Amino acid sequence: MSKKPSKSLAQELDRYITPFRYDGSGKFHLKDHKTDEKGDLDKEKAQAILDANKKRLIGFQEKLYAQDRWSLLIVFQAMDAAGKDSAIKAIFEGINPQGCEVTAFKAPSSKELDHDFLWRHAVALPERGHIGIFNRSHYEECLVTRVHPEILAKEKLPPRLVTKNIWKERFEDISSFERYLCRNGTVVLKFFLNLSKEEQRERFLARLDDPAKQWKFSMDDIRERALWPRYQAVYQDIVRHTATSHAPWYVVPADHKWFARVVIGSVINAELEKLDLRFPRADKASLEEFKQVRKALEKEGTGGKRQAK
C-alpha cells in the first residue's frame, strides 16, 4: 500500500499565506482586508506554529549562509504601533546574528539627501547568504514624502522633475529595483502590517501606562495619527502599484500580534523552502584531504594516551 506524498511546508502553511498575498493581479482595496483576522487559531495554537517556524528558520538560515548563493530581503511597512519591532524580535529569535542584519531607516541625513532616493537602501542590502530586514524601507520615499510634501522639497531634486507624475515614476523605479534584485539572487518579501485605528489607540494608551514603553511615544505619533485617512489611501496606492509576481505584498492582519507573527513566519519559511537550500558538498580532493587530516588527528590522540600512561 503506497504512502500519500507528504505535504511541502508551503502547502502545510498555505492557509496563513495565500489569503494575505497580493501580486498585482486583480483589484486591490485596503478596506477589503480585515485587520482582526485570526484564522482558525487561538494564542496557544499560534505559539506552537511560531515555535515550529522559528526552529525551521534557524535551519534554513544556516544553509542559506553556508551555500552563499541567495540572499533574503524582508521589508516591513506599517503605521506606528503596528508591531514591527516585536514581530522581528519574536520571529528571528535564535537566528545567528552573523547572517542577519536589521536596518531601521529614519529621516535621511544630509549625506543621504545628496544622493538619489534609493541610494541609502541599496547600500544596506544583504550580502549573499544573508538575511536583511528593513524596518521601514524605500517605500517611505513615496509614503511620508507624499503625505508631507515639505520632506520631498528637501531632496534637492531639480524643480522640473517634481511633476504630478513623480509618484507613478517612483513606483516604476522601485518595481524595477526589486526586479533587478530578484534577477540577481535576492528574494524580496514585503509585509504591510494592517492595523486598525482603534487598535492603534489602545496600544498608544498602553504605552502611556507602561514606564518601559513610554520612551516610544511622542506627540509626533498623535500628529501622524490625525492623518490616518491620508496614510491609508497612500498605502493602498503603494500596494496596488508595486505588487508583482516576483515581489508581492503580504497584507498582514495586525490587530492580533500573535497572528501577524504566524503569517510573517510562515511566508518566510515557505519562501526559503522553495530555494532548495543545502550545505555545500566537499569535492573529491577535499575528501581525500579530510582522510589524511582524520588519520593525523587520530594518531595524535593515540600518542597522547600513551604519553599519559
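These numbers were taken from a predicted model, which means no experiment stands behind them.
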Worksheet entry | Residues R146, E141: salt bridge by 4.0 Å N-O rule | no

Worksheet item: Stepwise, does the side chain to side chain donor-acceptor pair (under 3.5 Å) test hold for S137 with Q77?
Response: CA-CA 7 Å; S137 69; Q77 286 289 153; 2.8 Å; yes

Item to complete: Please confirm whether the backbone N or O of P229 pairs with a side-chain atom of Q232, one donor and one acceptor, at under 3.5 Å?
Response: no

Worksheet item: For the atom pair OH (Y180) and NE2 (H246), what is the distance rounded to the nearest 0.5 Å?
Response: 14.0 Å

Item to complete: For the pair H138 and F134, name the ring-plane relationship: parallel under 30°, tilted 30 to 60°, perpendicular over 60°.
Response: perpendicular

Practice prompt. Go through the steps to decide whether R223 and D220 satisfy the test salt bridge (charged side-chain N to carboxylate O under 4.0 Å, His left out), and finish with yes or no.
Written response: CA-CA 5 Å; R223 283 189 281 270; D220 285 342; 2.5 Å; yes

Worksheet entry | Heavy-atom check, side chain of L73 versus side chain of V187, under 4.5 Å | no

Discussion item. So L57 and N53, do their side chains get closer than 4.5 Å, heavy atoms only?
Written reply: no

Item to complete: Could you tell me whether the side chain of K84 reaches within less than 4.5 Å of the side chain of R136, counting heavy atoms only?
Response: yes

Fill in: Distance in Å, I88 CD1 paired with N135 CG, rounded so as to fall on 0.5 Å steps
4.5 Å

Worksheet item: Atom CD in E224, atom NE2 in H148: separation rounded to 0.5 Å?
Response: 3.5 Å

Discussion item. Under the criterion side chain to side chain contact (heavy atoms under 4.5 Å, CB included), I'd like the reasoning laid out for L143 against I238: C-alpha separation, chi angles, the key distance, then a yes or no.
Written reply: CA-CA 8 Å; L143 175 73; I238 286 171; 3.9 Å; yes

Worksheet item: Should K197 and D80 count as an ion pair when the cut-off is N to O under 4.0 Å?
Response: no

Worksheet item: Distance only, no hydrogens: is a donor on one side chain within 3.5 Å (strictly under) of an acceptor on the other, for T35 and N194?
Response: no

Discussion item. Just by distance, no angles: are the side chains of S245 and D23 close enough, under 3.5 Å, to form a donor-acceptor pair?
Written reply: no

Worksheet entry | R170 NZ/CZ over F117 ring centroid, <6.0 Å and within 45° of normal | yes

Worksheet item: So, do F259 and P253 sit near enough that their side-chain heavy atoms are less than 4.5 Å apart?
Response: yes

Worksheet item: What closest approach, in Å, do I131 and P126 show between heavy atoms, and which atom pair accounts for it?
Response: C-CB, 4.0 Å

Worksheet item: For R230, does the CZ atom sit with more than 12 other heavy atoms under 6.0 Å from it, leaving out its own atoms?
Response: yes

Discussion item. Let me check something: do L41 and L50 share a hydrophobic cluster, defined by ILVMFWY side-chain heavy atoms less than 4.5 Å apart, either directly or through other members?
Written reply: yes

Worksheet item: So, are D36 and K38 salt-bridged, with charged N and O less than 4.0 Å apart?
Response: no

Worksheet item: Is V267 linked to V239 within one hydrophobic cluster, defined over Ile, Leu, Val, Met, Phe, Trp and Tyr using a side-chain heavy-atom separation of less than 4.5 Å?
Response: no

Practice prompt. Tell me yes or no: between the side chains of Q214 and R207, is some donor less than 3.5 Å from an acceptor?
Written response: no

Worksheet item: Should F60 and W70 be counted in the same cluster of Ile, Leu, Val, Met, Phe, Trp and Tyr side chains packed under 4.5 Å apart?
Response: yes

Fill in: Salt bridge present between E172 and K168 (N-O < 4.0 angstrom)
yes

Worksheet entry | Any side-chain donor near an acceptor of the partner, T242 and S175, under 3.5 Å | no

Discussion item. Is it the case that the side chain of E112 and the backbone of S109 share a donor-acceptor pair, with hydrogens and angles ignored and the cut-off at 3.5 Å?
Written reply: yes

Worksheet item: salt bridge (charged side-chain N to carboxylate O under 4.0 Å, His left out) between R294 and E298: does it pass, once the steps are laid out?
Response: CA-CA 6 Å; R294 175 180 291 278; E298 287 175 345; 3.8 Å; yes

Worksheet entry | Residue pair F92, I268: steps toward the side chain to side chain contact (heavy atoms under 4.5 Å, CB included) verdict | CA-CA 11 Å; F92 292 90; I268 294 169; 3.8 Å; yes

Worksheet item: Could you give the distance from CG (D114) to CH2 (W119), rounded to the nearest 0.5 Å?
Response: 9.5 Å

Worksheet item: Is the shortest distance from a Lys or Arg side-chain nitrogen in R201 or E198 to a carboxylate oxygen in the other one below 4.0 Å?
Response: yes

Discussion item. For residues V252 and V188: do they belong to one hydrophobic cluster (side chain heavy atoms under 4.5 Å, members Ile, Leu, Val, Met, Phe, Trp, Tyr)?
Written reply: no

Item to complete: May I ask you to decide if A206's main-chain N or O and D210's side chain share a donor-acceptor pair within less than 3.5 Å?
Response: no

Practice prompt. Apply the test side chain to side chain contact (heavy atoms under 4.5 Å, CB included) to residues K106 and E140: give CA-CA distance (whole Å), side-chain angles for both, the deciding distance (0.1 Å), then the verdict.
Written response: CA-CA 9 Å; K106 306 295 184 183; E140 293 291 297; over 6 Å; no

Worksheet item: Rounded to the nearest 0.5 Å, how far does CG of N96 lie from CD of Q61?
Response: 5.5 Å

Item to complete: Determine the minimum heavy-atom distance between G99 and Y65, stating which atoms define it.
Response: CA-CD1, 4.0 Å

Fill in: Any side-chain donor near an acceptor of the partner, S86 and R261, under 3.5 Å
yes

Worksheet item: If you measure from the Lys or Arg side-chain nitrogens to the Asp or Glu carboxylate oxygens, is any gap between K154 and E150 under 4.0 Å?
Response: no

Fill in: Short N-O contact, D276 and R278, less than 4.0 angstrom
yes

Worksheet item: Do the rings of F171 and H241 sit parallel, tilted or perpendicular, given the 30° and 60° boundaries?
Response: parallel

Worksheet item: Can you find a side-chain donor-acceptor pair between D51 and Q47 that sits under 3.5 Å?
Response: yes

Worksheet item: Is a donor on one side and an acceptor on the other found under 3.5 Å between the side chain of R128 and the backbone of R69?
Response: yes

Discussion item. Looking only at the aromatic ring of each residue, does the gap between the centers of F20 and Y250 stay below 6.0 angstrom?
Written reply: no

Worksheet entry | Heavy-atom side-chain contact between V263 and I17 under 4.5 Å | no

Fill in: Spacing of T145 atom OG1 and I166 atom CD1 [to the nearest 0.5 Å]
7.5 Å

Worksheet item: Taking C-beta and beyond as the side chain, do V75 and F192 meet within less than 4.5 Å on heavy atoms?
Response: no

Worksheet item: Under a single-linkage definition using a 4.5 Å side-chain heavy-atom cutoff for Ile, Leu, Val, Met, Phe, Trp and Tyr, are I174 and F28 assigned to the same hydrophobic cluster?
Response: yes

Worksheet item: Is E12 salt-bridged to R56, going by a charged N under 4.0 Å from an acidic O?
Response: yes

Discussion item. I'd like to know if the side chain of D255 and the backbone of E199 have a donor-acceptor N/O pair within less than 3.5 Å.
Written reply: no

Discussion item. Given Y139, which partner from the list F76, W249, F105, F177 fulfils the ring-ring contact (aromatic ring centres under 6.0 Å, His included) test?
Written reply: W249

Worksheet item: When you check the gap from the basic side-chain N to the acidic O, do R15 and D40 get nearer than 4.0 Å?
Response: yes

